[in-house]
Colleague: 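Structure below; questions to follow.
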Amino acid sequence: MVKRTYEVIYETVRKIPYGRVATYGQIADLSHLPGRARLVGYALYRVVEDDDVPWHRVINAQGRVSESPVRYGNDHLQRVLLEAEGIPFRPNGSIDLKAYRWQPDITEFLSP
DNA sequence: CCGTTGACGGCGA
DNA sequence: ATCGCCGCCAACG
């Protein structure tokens with residue numbers, strides 16, 4: 001039984017702890033999909049509401065929430081959810097990745 | 001079997 | 001700093 005690619009991505013996202021964030025590229029790497037950050041974006045677009053994937057903890061490499069017209073306000077919701085977890089935004093709308101990026105134990109992500 | 005659809009990231013001008 | 005360009009690709013109808 002081969003896991004669907006997006007399911008692998010969702011499993012990685014589920015491991016991001018409360019109060020921390022990860023970038024699309026970081027999730028791709030941890031999911032053994034090196035260099036395919038965009039694929040993570042595609043996957044998160046398809047997350048449904050009744051899923052338990054903490055999609056709001058994934059931001060872009062600039063430390064910002066990725067905005068898009070097709071999200072119809074969910075991008076703003078993402079910021080609200082992160083602030084509710086104690087993650088502050090700078091005046092320019094970015095998050096301090098140095099301070100709030102998830103730093104997983106890499107031994108947990110060795111081979112597929 | 002197509003064609004469409006999208007939350008990225010890195011690099012150069 | 002801020003653009004544009006381009007590689008990247010699974011899911012769905």
Side-chain angles (χ1 to χ4, degrees):
Chain A
M1 167 62 178
V2 189
K3 270 176 200 158
R4 308 234 287 190
T5 303
Y6 284 4
E7 199 50 47
V8 176
I9 292 172
Y10 296 151
E11 285 182 2
T12 304
V13 174
R14 285 192 192 97
K15 292 175 181 167
I16 308 174
Y18 179 97
R20 315 231 78 200
V21 295
T23 65
Y24 295 93
Q26 183 181 356
I27 295 301
D29 291 344
L30 292 172
S31 302
H32 308 104
L33 300 165
R36 280 172 279 181
R38 197 165 190 177
L39 194 58
V40 174
Y42 300 152
L44 291 184
Y45 172 76
R46 291 177 164 79
V47 169
V48 287
E49 192 180 338
D50 56 318
D51 212 323
D52 61 337
V53 177
W55 54 269
H56 60 284
R57 296 183 188 139
V58 184
I59 60 179
N60 62 33
Q62 288 67 250
R64 306 171 131 280
V65 167
S66 283
E67 316 242 343
S68 169
V70 302
R71 297 183 70 186
Y72 295 104
N74 280 340
D75 44 4
H76 180 252
L77 171 63
Q78 181 169 6
R79 174 174 176 144
V80 171
L81 292 174
L82 289 175
E83 288 177 324
E85 295 192 2
I87 298 175
F89 283 73
R90 299 191 186 92
N92 70 5
S94 70
I95 289 172
D96 184 353
L97 275 176
K98 279 215 194 308
Y100 294 97
R101 185 201 286 272
W102 173 40
Q103 287 168 354
D105 175 3
I106 59 165
T107 63
E108 187 185 344
F109 297 88
L110 291 186
S111 279

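This is a predicted model, so every value here is computed, not measured. Throughout, protein chains are lettered first and strands after them, A, B, ... in sequence-line order, and every chain is numbered starting at 1.
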Colleague: Apart from Val80(A) itself, which Ile, Leu, Val, Met, Phe, Trp or Tyr residues share its cluster (side-chain heavy atoms under 4.5 Å, direct or through members)?
Modeller: none
Colleague: Could you check whether Arg4(A) gets within reach of a base, just the sugar-phosphate, or nothing at all, counting any heavy atom under 4.0 Å?
Modeller: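 Arg4(A): backbone/sugar contact only, no base atoms under 4.0 Å.
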Colleague: When you look for runs of 3 or more Watson-Crick or G-U pairs in a row, both distances below 3.5 Å, which of them include DNA chain C?
Modeller: B:2-6 with C:9-13, B:8-13 with C:2-7
Colleague: Contact list please: residues 77-89 of chain A against DNA chain B, heavy atoms, distance less than 4.0 Å, in numerical order.
Modeller: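 Output list: empty, so none.
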Colleague: Does atom NE2 (His32(A)) have a neighbourhood of more than 12 heavy atoms from anything else shown, all under 6.0 Å?
Modeller: yes
Colleague: Report, one pair per line, the protein and nucleotides 10-13 of chain B atoms (nitrogen or oxygen only) whose separation is under 3.5 Å.
Modeller:
none

Colleague: Quick check on Ile106(A): does its CD1 atom have over 12 non-hydrogen neighbours (other residues, nucleotides or ligands) under 6.0 Å away?
Modeller: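 Not more than 12 within 6.0 Å, no.
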Colleague: Starting from Tyr6(A) and following side-chain heavy-atom contacts under 4.5 Å between hydrophobic residues (I, L, V, M, F, W, Y), which residues can be reached?
Modeller: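 Ile9(A), Tyr10(A), Val13(A), Ile16(A), Tyr24(A), Ile27(A), Leu30(A), Leu33(A), Leu39(A), Val40(A), Tyr42(A), Leu44(A), Val47(A), Val53(A), Trp55(A), Val58(A), Leu77(A), Leu81(A), Trp102(A), Phe109(A), all in the cluster of Tyr6(A).
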Colleague: Give, for atom CD of Gln78(A) and atom CD of Glu67(A), the distance between the pair rounded to the nearest 0.5 Å.
Modeller: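 Atom-to-atom, Gln78(A):CD and Glu67(A):CD are 9.0 Å apart.
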Colleague: Salt bridge (charged side-chain N to carboxylate O under 4.0 Å, His left out): which pairs involve residues 89-107 of chain A, sequence neighbours left out?
Modeller: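 Residue pairs with at least one partner in residues 89-107 of chain A: Arg90(A)-Asp96(A).
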Colleague: Atom OH of Tyr45(A) to atom C1' of dT5(B): distance rounded to whole Å?
Modeller: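 Value for this atom pair: 8 Å.
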Colleague: Can you pull the salt bridge (charged side-chain N to carboxylate O under 4.0 Å, His left out) pairs that have at least one residue in residues 15-42 of chain A, sequence neighbours excluded?
Modeller: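 Sorted result for residues 15-42 of chain A: Lys15(A)-Glu108(A).
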Colleague: Check each residue of residues 90-100 of chain A for a non-hydrogen atom within less than 4.0 Å of any atom in DNA chain B, then write out the ones that pass by number, or none.
Modeller: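 Hits under 4.0 Å, by residue number: none.
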Colleague: Between atom CZ in Arg64(A) and atom C1' in dG9(B), what is the gap in whole Å?
Modeller: 15 Å
Colleague: If you link ILVMFWY side chains whenever their heavy atoms are less than 4.5 Å apart, which other residues fall into the same cluster as Val21(A)? By chain and number, please.
Modeller: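 Answer for Val21(A): Ile59(A), Val65(A), Leu82(A), Ile87(A), Phe89(A), Ile95(A), Leu97(A), Tyr100(A).
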Colleague: In the structure I gave you, are the side-chain heavy atoms of Arg64(A) and Asn92(A) within less than 4.5 Å of one another anywhere?
Modeller: yes
Colleague: Only counting residues at least two apart or in another chain, list the ones meeting salt bridge (charged side-chain N to carboxylate O under 4.0 Å, His left out) with Asp52(A).
Modeller: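 Residues passing salt bridge (charged side-chain N to carboxylate O under 4.0 Å, His left out) with Asp52(A): Arg14(A).
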Colleague: Looking at Glu85(A) and Gly19(A), what are the two nearest heavy atoms and their distance?
Modeller: OE1-N, 2.8 Å
Colleague: Grab the two heavy atoms, one from Thr12(A) and one from Ser31(A), that are nearest each other, plus how far apart they are.
Modeller: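 For Thr12(A) versus Ser31(A), the nearest heavy atoms are OG1-OG, 2.8 Å.
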Colleague: Students should find this one: the first and last nucleotides of DNA chain C, 5' to 3', lying under 4.0 Å from a heavy atom of chain A. What are they?
Modeller: dG7(C) to dC12(C)
Colleague: For the residue pair Pro88(A) and Gly86(A), what are the closest heavy atoms and their distance?
Modeller: CD-O, 3.3 Å
Colleague: Any side-chain N or O of Tyr42(A) less than 4.0 Å from the OP1 or OP2 oxygen of dG6(B)?
Modeller: no
Colleague: Closest approach of Asn60(A) and Ser66(A), non-hydrogen atoms and distance?
Modeller: ND2-OG, 3.2 Å
Colleague: Please give me every residue in residues 29-40 of chain A whose heavy atoms get under 4.0 Å of an atom in DNA chain B, ordered by residue number.
Modeller: Ala37(A), Arg38(A)
